[in-house]
2 protein chains.
Amino acid sequence: MYRAPVEDISFALNEIAGLRTAIDQGVFPELSADLVDAILAEAGRFAGDEVAPLAKVGDTQGARLDNAEVTTPDGWKDLYARWCEGGWNALSAPQEFGGQGLPQMLGVAALEMWNAGSMAFALGPTLTMGAVDALEKHASHELQQLYLPKLVSGEWMGTMNLTEPQAGSDLAALRARAEPAGDGTYRVFGQKIYITYGEHDFTDNIVHLVLARLPDAPAGTRGISLFLVPKFLPDADGNPGARNDVFCASIEHKLGIHASPTCTMIYGDGKFGDAPGAIGWLIGEENKGLACMFTMMNNARLAVGMQGVAIAEAAWQKAHAYAADRRQGKAPGYTGEGMAPIVLHPDVQRNLLTMKALTAAARAIAYSCAHATDMARAMNGDDARHWQDRANLLTPVAKAFATDIGVDVASIGVQVHGGMGFIEETGAAVLYRDARIAPIYEGTNGIQAIDLVTRKLPLAGGEHVHGFIAELRADAEAVRASNLPAFGRSAEKIAAAIDDLEAATRFMQDGLASGRTQDALAGATPYLRLFALAASAAMLGRGAVASKDADRIALCRFHAENLVGETAALKERVMEGAESLAQAAKALG
Amino acid sequence: MYRAPVEDISFALNEIAGLRTAIDQGVFPELSADLVDAILAEAGRFAGDEVAPLAKVGDTQGARLDNAEVTTPDGWKDLYARWCEGGWNALSAPQEFGGQGLPQMLGVAALEMWNAGSMAFALGPTLTMGAVDALEKHASHELQQLYLPKLVSGEWMGTMNLTEPQAGSDLAALRARAEPAGDGTYRVFGQKIYITYGEHDFTDNIVHLVLARLPDAPAGTRGISLFLVPKFLPDADGNPGARNDVFCASIEHKLGIHASPTCTMIYGDGKFGDAPGAIGWLIGEENKGLACMFTMMNNARLAVGMQGVAIAEAAWQKAHAYAADRRQGKAPGYTGEGMAPIVLHPDVQRNLLTMKALTAAARAIAYSCAHATDMARAMNGDDARHWQDRANLLTPVAKAFATDIGVDVASIGVQVHGGMGFIEETGAAVLYRDARIAPIYEGTNGIQAIDLVTRKLPLAGGEHVHGFIAELRADAEAVRASNLPAFGRSAEKIAAAIDDLEAATRFMQDGLASGRTQDALAGATPYLRLFALAASAAMLGRGAVASKDADRIALCRFHAENLVGETAALKERVMEGAESLAQAAKALG
């Protein structure tokens, strides 16, 4: 059973991402190291003791649809209520609307723990927090007063309605439409698919944020507006009143996250209400809906990255516990009775350490990204811009790398269990199934890589990324200067990876500047992985130097000497792979 | 829907593995190129038209257990009957017992197609063929006459009973026991788990091959004997008679291959028969059961490798078809109406070509392994020994690499489908689920890697592998000497990979010779992957040079320039990774 790795998380926040220094410098006056640890410990307790025990029933029962009503698994509604009572929904929500206003880092850390307890559970509140963000930044005062307190407390939940059958990665193809009703409201019509927690029994009301087109809106992404469409229209007291003309027509039968209802939502077909059309309110300006949605998406991308970290952590813990218990064969040096625990077999150790190192690597990047977001909010002027650039740079890396390794680590976890891993009751397979959605939703990892290369490398005139690389170099140098023999050849390996990153980065920037877009697109995915390996190698070195802890040094070294060497080949793929790709692609038709 | 890639398979057999040359030289007098192609085409038709359409019902219904009887999914019993009627069960079985006696290569090629149609279906007959092998080589004349004709025709099916709860990878821990009954038969007692097709409704009888210990047998693997235990004892006419004291107590709820019943079998608890104990017959000599089982296991390992190739091929076909159909966004150079097919996006092309190249790479190794087995049987003396060494060398590589890439390629296949990939109805997710067992069963891939390093590198005094490497060098040289610009830098990349393989091989051999076993065990898995990448790069080059086909050259180049570069880092992991692994493993407890 999952136990929250509070110490590892605190370490990543404080010693790698920079929270301790920031607290010491007074950047977050409301925080202290003790408060941070207390919150982490309490969140960890809830995740391990309350959320994790309900993961299995969630997977086996799944969400069920009957007559447009979704029933969640046994005990889940109560779990959600206890979770709200604990104030967890409000952790990093604005204080003005009843939230605790804590830095995003703590929200993200808690999110890692909820997701490790049950990804299908944590996903719902993640969407609500996205809705809170969007409303806080873009909604009218009246809408904020009416909806935000309830969304912050968790009394109501929120959803994001983007995708349509013909419009997935390409939102320009959206067809849902909204017509002004003449009274300040709109009537929304259309079909949305893949709507997470689009319908459920957790709350009395559900607040849908829906992208749709106004009449005569420009084609493409510049003609999309954002609307708030509640399931029940609030009455004069703000309580759920008349049913709005929106309902869940079906839920998907999915590979994983079975308890999370993935809904097809139908707006405005006349099933409810006295006139056709779901009543909605405009959020932000007309035709600027995509900008509002991007507010949510950046945070949502990091949140999905946390799912990758969470699944990897849960898989690692489960595999490690199994390997310590399961006995097979003889192991080098084992002198005990009978068969040796398989954790003593070098090949099993290699699997376990790969899981552990990749989890730590993804966590380091993700928390660095969260820290940058918090710093951007806490600072002003150029400092704020610098940190916002940093958050923007790291967001696609955190999302894609963490979710890729989530799949890889869950797969290794199944392998460590041998035949038991393939049996559903063991609980290793469900992580492998759940993990697989994270590289897909909130922008596929291919799209994250393209975002990194085409939108993030140009930040600050192309210089921000080089400032980041210079910081990584300082980490490698600190490892070298520590003169600790336990680091082995870590410093040299980390430095070599950073050289590869710098060369590949210059290649990408030069390519984009000289119009070789196709080459940049072809190499984007290997570039993102190279970026993540080099950055995480330096970050693990930074933490290990700070702590001087033997285990953290050893893990840094294992990562640097066993996993990071791939950067040389990745650099070649980035810089030389496009021609052969284009040549071979001719056969694809 | 899956269409058998008959042309690619024929190409791998003839131009890469060497079948064409062998036929030209008269090694297989019963074969001609036309006959081979005719058999492949007919097997491909059956796999695509008959097997594949029943895969979905197999996954959704699964096998069901009721009162010790297993019911297979709707239509599966009839599919099995048609499959036997077509003579497919007998393809490479001995002619003496009604088989067609064709070389194993054709059996393996057909197996790829059945598995791509439905892995859960193809798995059953694979076990029967293993039983045929074991009985043909080790059973008494009487047992052969009684059982082999029915197993060859498919009228009865066979099973392999090895695993017990405490004895998985380590068969030395087996506890099942057999007592001589005094009449030449034995009474078998014990519990076996993970017995594939241990119970089902396909056939009137099921023939279990069971590992058990005789009274006073030596401890460990030298005290294990092999027994034949039929579900129904044949009567005087050889028809199923009295029920034997063996039954299926439960079936597993698995991640994938739902239609394949994975049974817990109970022997000798008195549920059936007049005296406790399942009646069995000894196969081979007392206490030599493991040697008999290894006869089956070598072939079974290659057969499982074919599952990896098969799943990869099925995933590639499905993803390619989806990418050609699905339209999203703008693609470089696309000038058609509306959104571009996603197959035109470079990042999607990279995913698809990675799938295609890895599938071709695994297929090349697997068919080379099958060819070596056939050559060993067809030749005599030193030639036979040489080819048997080659088969033994390539078997763990074929098993582990093909099943690893089966998982990877199925995962990429889900990714190419975007959100649709996570929906079970699409059919991409089931490949990701089914694929995951193949790296585990028939010896985990970690065990394959250890087998490669500790048992196969020493073959022929350590020289066989260097002969193999010399052949790979000739392939790289042929690519260079072809002077075809379309190969790009393939020759250089392939040669570099072979250099890495040679260095890592010498390191492993030197390490074992000087007692550094722990280092060899620590590096076994990266070594196997390095071996497979270098070998497959050379093999794809061999085929491309032979064909001079633009698409095959382009795929060879994509593989060499984009996927094979990993060998440099793998070599480092093999030669330098053990120390950091051992250091970090201290924290594992």
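Not measured: the values here are computed from a predicted model. Letters A, B, ... are given to chains in the order of the sequence lines, protein chains preceding strands, and every chain is numbered from 1.
Only the side chain of B:L352 comes within less than 4.5 Å of a heavy atom of chain A; its backbone N, CA, C and O stay farther away. Neither the backbone nor the side chain of B:D404 comes within contact range of chain A; no heavy atoms are under 4.5 Å apart. Within the 4.5 angstrom heavy-atom criterion, no atom of A:T221 approaches chain B. Only the side chain of B:L344 comes within contact range of chain A, judged by heavy atoms closer than 4.5 Å. Neither the backbone nor the side chain of A:I193 comes within contact range of chain B; no heavy atoms are under 4.5 Å apart. For chain A, the nearby part of B:T354 is the side chain; its heavy atoms alone come within less than 4.5 Å. In this structure, chain A has heavy atoms under 4.5 Å from both the backbone and the side chain of B:F422. Contact of B:A172 with chain A is not made at all, since no heavy-atom distance falls under 4.5 Å. For A:F558, the parts sitting under 4.5 Å from any heavy atom of chain B are the backbone and the side chain alike. Contacts of B:H253 with chain A are made by both backbone and side-chain atoms, with heavy-atom separations under 4.5 Å. With a 4.5 Å cut-off on non-hydrogen atoms, A:A568 does not touch chain B at all. For A:A486, the parts sitting under 4.5 Å from any heavy atom of chain B are the backbone and the side chain alike. For A:K571, no part lies under 4.5 angstrom from a heavy atom of chain B.
For A:Y432 and B:Y432, the ring centers are positioned less than 6.0 Å apart.
With respect to chain B, the highest number of heavy-atom pairs below 4.5 Å among A:L521, A:D170, A:V414 belongs to A:D170. For the set B:E566, B:E561, B:R350, the count of heavy-atom pairs under 4.5 angstrom toward chain A peaks at B:R350. Put simply, of B:K356, B:M339, B:R327, B:E576, the one with the most heavy-atom pairs under 4.5 Å next to chain A is B:E576. No other option in B:K586, B:R433, B:K330 has as many heavy-atom pairs under 4.5 Å with chain A as B:R433. No other option in B:E572, B:R557, B:H320 has as many heavy-atom pairs under 4.5 Å with chain A as B:R557. Chosen from B:G523, B:P346, B:S490, B:G329, the residue pairing most often with chain A at heavy-atom distances under 4.5 Å is B:P346. In terms of heavy-atom pairs under 4.5 Å with chain B, the best-connected choice from A:M420, A:H417, A:H345 is A:M420. Heavy-atom pairs under 4.5 Å with chain A peak, among B:A324, B:A550, B:G419, B:G565, at B:G419. Heavy-atom pairs under 4.5 Å with chain B peak, among A:G488, A:A569, A:A584, at A:A584. Counting heavy-atom pairs closer than 4.5 Å to chain B, the top-ranked of the candidates A:S411, A:A331, A:G577, A:G446 is A:S411.
The closest side-chain donor-acceptor pair between B:K254 and B:T262 falls under 3.5 angstrom. Neither side chain, B:T525 nor B:N445, offers a donor N or O lying under 3.5 Å from an acceptor on the other. For the residue pair B:R436 and A:Q415, a side-chain donor N or O sits within less than 3.5 Å of a side-chain acceptor on the partner. A donor-acceptor contact under 3.5 angstrom links the side chains of A:N562 and B:S580, judged on distance only.
More than 12 heavy atoms of other residues, nucleotides or ligands sit less than 6.0 Å from atom CD of B:Q518.
In this structure, the side chain of B:D434 engages the main chain of B:I257 through a donor-acceptor pair within 3.5 Å.
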